[in-house]
2 protein chains.
Amino acid sequence: MARDSTRPTSRDVARAAGVSQAAVSLVMGDKWRGRVSETTAERVRRAAHDLGYRPNLAARNLRLGRTRTVLLVVPALTTEFFAGVYTGAARVAAEHGFGVVLYPSPEGIGPARDPFASAQAALDGVIASSMAADALTAIRGDQLPLVMLDSDPAGSTGAATVNLDIADGIRQVADHLLALGHRRFLHLAADVGSWTFEVRARELAARLAAVPGSALRTAHAPLSIEGARSATEAALSGPGPRPTALVCDDDKLAAGAYKALRRLGLRVPEDVSVTGLDDLALATAIDPELTTVRLDAETFGERGMRALLDVLDGRVPSRDDIPVDLVVRGSTAPPPGD
Amino acid sequence: MARDSTRPTSRDVARAAGVSQAAVSLVMGDKWRGRVSETTAERVRRAAHDLGYRPNLAARNLRLGRTRTVLLVVPALTTEFFAGVYTGAARVAAEHGFGVVLYPSPEGIGPARDPFASAQAALDGVIASSMAADALTAIRGDQLPLVMLDSDPAGSTGAATVNLDIADGIRQVADHLLALGHRRFLHLAADVGSWTFEVRARELAARLAAVPGSALRTAHAPLSIEGARSATEAALSGPGPRPTALVCDDDKLAAGAYKALRRLGLRVPEDVSVTGLDDLALATAIDPELTTVRLDAETFGERGMRALLDVLDGRVPSRDDIPVDLVVRGSTAPPPGD
DNA sequence: ACGCATGAGTTATACGTAAAACGTCGGACG
DNA sequence: CGTCCGACGTTTTACGTATAACTCATGCGT
């Protein structure tokens with residue numbers, strides 16, 4: 001863990017390649033046609049790669065007086081709408097070599113802070129969700145202080161982790177449904193290769209394995225309402241006794257399940273009980289309101305940040321899972337004929 | 001529009017205050033107790049304020065080799081969940097003098113880009129939603145190239161604007177409902193002082209004013225499902241003939257209206273037709289699926305970015321409103337007894 | 001009268017990069 | 001034969017800041 005081994009500079013690369021710093025700058029900046037020979041350029045590129053050289057952005061920005069970065073100010077982060085706005089802007093920006101940074105105007109974040117204070121340069125550390133798996137390899141490239149959100153604590157990474165106690169949430173769901181009398185379960189699982197989702201499946205299976213006479217089937221669906229609808233419809237159209245309880249990996253999947261059940265002429269909760277996980281606004285927008293597990297996102301974010309500050313101070317963050325709560329609403333009831 | 005008049009540096013402040021650059025740095029950095037007299041410090045502060053001095057972050061970061069900025073990597077921006085994560089993290093970060101920058105892992109934004117490329121330093125320009133009104137004054141402080149999203153084009157600001165053609169969307173909604181035979185309308189208006197929402201009210205009133213025998217009432221609600229529910233319930237419990245069509249300022253308000261109607265024992269669309277605006281996932285999650293106006297958020301973002309690039313190149317962005325489309329689903333039908 | 005601490009500043013330097021200005025060396029051209 | 005030019009680099013400088021090291025009175029105890 002040589003965390004603070006100072007990063008290589010263009011001068012280090014120059015030394016390694018046996019050229020001047022200026023030559024490195026020319027090669028890295030792709031402005032060397034006619035100024036540096038192909039063989040030398042290749043030597044520089046190899047040295048840069050070997051050393052893991054990455055230009056210091058602060059220095060570059062200072063030198064150029066320009067950042068190719070743009071700020072997008074949005075009312076808040078809660079809307080899917082502005083997520084789309086960001087996506088579109090970022091695509092065009094990328095085409096022009098620009099980056100986009102988000103400034104969600106604060107909502108209870110102390111006094112009105114300078115909107116640019118949060119849009120400053122490079123990074124001291126990283127907080128990463130395990131769901132952003134694609135970005136993680138790149139993050140590993142730099143060895144920045146890292147905190148993982150909802151990642152396997154036993155993972156080989158050694159990074160600090162902060163987790164929601166999803167396993168306990170699933171136990172609470174299972175216990176609630178078992179207490180109502182349910183025995184035949186369908187697990188509507190998100191088709192995403194991420195630790196949080198694996199935990200759901202594992203814990204539900206474990207809990208039901210301890211109950212004689214219980215049955216568990218699983219249907220996989222992409223994380224969208226439409227995907228969940230069709231997966232649920234397919235699963236419930238199959239042969240065999242119909243499950244009486246539908247445990248969904250998150251609220252969005254549950255919304256899709258509602259639509260499938262409606263099409264099949266089944267009522268919630270009279271014919272089938274449904275549970276979600278997240279407790280988004282969506283959970284109370286659908287009818288009947290969804291029994292789900294409330295995840296305290298803000299606490300999650302706070303703990304993640306605190307853990308990162310610990311790492312930055314050389315402390316080892318205290319490992320503790322954030323508790324979650326079952327919220328019982330109108331989508332669960334005793335199974336039919338009970 | 002002296003846009004490119006180079007920003008003042010600490011040396012300029014020093015000159016104006018008649019001290020050395022180092023003194024300015026000490027005063028601005030709040031590390032002057034016992035190093036600079038109170039009177040001199042005050043003189044420096046006044047000079048800095050008069051010149052509109054703001055420290056160059058690139059230089060500061062380069063000097064300190066540290067940024068007090070942290071990156072939050074999230075799977076995408078679409079979830080309310082991660083919005084909460086951001087809020088929590090940003091609050092703690094602010095308490096510790098840190099900023100938070102978002103890196104939504106790209107979704108179809110070219111090849112897997114360096115996750116840090118989008119998290120670079122200061123700003124060449126700003127794209128701002130008119131809904132983030134609180135942040136705008138601060139933005140005005142720096143005179144960065146600015147593009148406004150959905151703001152009054154006749155605004156006194158003079159900034160470039162890119163707008164969705166919301167007025168036309170409302171016209172389409174009104175025409176659709178009028179064609180179905182509706183004459184008594186209730187406008188469920190968002191209680192937000194922002195141009196986009198003013199347009200909705202104005203345009204609906206204008207369209208209905210041209211139809212003899214039509215009636216329009218208005219109910220105001222905060223932008224939340226619960227707020228919309230109680231506002232709708234209150235409005236429909238009043239005296240007088242009940243409206244047969246409910247025009248909502250956005251989909252979320254429509255979801256709240258659904259709940260109110262359900263409580264009042266009214267069916268959608270048999271008793272009351274409902275329309276939304278946005279076309280979020282929520283619109284198809286509720287039952288019946290919502291007739292609404294689709295806003296193409298990505299195009300919106302793209303146009304905003306393109307306009308900013310125009311401004312940066314010294315060109316005047318072409319003014320054009322982005323068209324929107326009515327999406328007819330199951331929440332609208334002829335009024336009862338028609 | 002001398003040393004010494006303290007207040008109030010200033011001077012000088014380094015951070016890492018980009019690029020303008022400057023060599024050098026061989027060959028082509030008049 | 002002089003010289004001009006292109007290929008291939010190197011030396012140097014500037015970007016704006018933070019801070020360590022230095023200067024220089026002034027007051028004070030002995």
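Because the structure is predicted, anything quoted here is derived from the model rather than measured. Letters A, B, ... mirror the listed sequences (proteins, then strands); counts begin at 1.
Residue B/S10 places at least one side-chain N or O closer than 4.0 Å to OP1 or OP2 of D/dT17. Note on A/T9: every side-chain N or O is 4.0 Å or more away from OP1 and OP2 of C/dG16. Between A/S37 and D/dG9 there is a side-chain N or O to OP1 or OP2 distance below 4.0 Å.
Computed from coordinates, the B/K31 NZ to D/dA20 P distance equals 10 Å when rounded to whole Å. Computed from coordinates, the B/R11 CZ to C/dT10 P distance equals 13 Å when rounded to whole Å. Protein atom CE of A/M28 is 14 Å distant from nucleotide atom P of C/dA19, rounded to whole Å. Remark: P of D/dG16 and CZ of B/R15 are 11 Å apart, rounded to the nearest angstrom. Atom CG of B/L26 and atom P of D/dT17 are 13 Å apart (whole Å). When rounded to the nearest whole Å, the span between CG of B/D12 and P of D/dC15 equals 11 Å.
Annotation: the terminal axes of the helix from C/dA1-D/dT30 to C/dG30-D/dC1 meet at 60°, where each axis is the rotation carrying the C1' atoms of four end pairs onto the next four (5 pairs per end, rounded to 10°).
The side-chain heavy atoms of A/R306 and A/V162, taken from C-beta on, include no pair separated by under 4.5 Å.
The side chain of B/Q21 has D/dT19 as its nearest neighbour among C/dT17, D/dT19, C/dT10. Comparing D/dG9, D/dT19, C/dG16 by their nearest atom to the side chain of A/R63 picks out C/dG16. Listed nucleotides: D/dT17, C/dA18, D/dT10. Nearest to the side chain of A/A22: D/dT10.
The heavy-atom pair separating A/A47 from A/A17 by the smallest distance is CB-CB, 4.0 Å. Closest approach of A/R45 to A/E38, counting heavy atoms only: NH2-OE2, 3.0 Å.
Between the OG1 atom in A/T9 and the CZ atom in A/R15 there is a gap of 7.0 Å [rounded to 0.5 Å]. Rounding to the nearest 0.5 Å places CZ of A/R43 at 7.0 Å from OG of A/S37. Expressed to the nearest 0.5 Å, how far CG of A/L51 lies from CG of A/D12 amounts to 7.0 Å. Note: B/D320 CG to B/R303 CZ = 4.5 Å, rounded to the nearest 0.5 Å.
Nucleic acid contact for A/V24: none, since no nucleic acid atom lies under 4.0 Å from a heavy atom of the residue.
Ranked by how close their nearest DNA chain C nucleotide is to the 5' end, B/A59 and B/T40 are led by B/T40. Of the two residues contacting DNA chain C, namely A/S25 and B/S20, the nearest-nucleotide position lying further toward the 5' end is that of B/S20.
Remark: the B/E38 side chain and the C/dA8 base include no donor-acceptor N/O pair separated by less than 3.5 Å.
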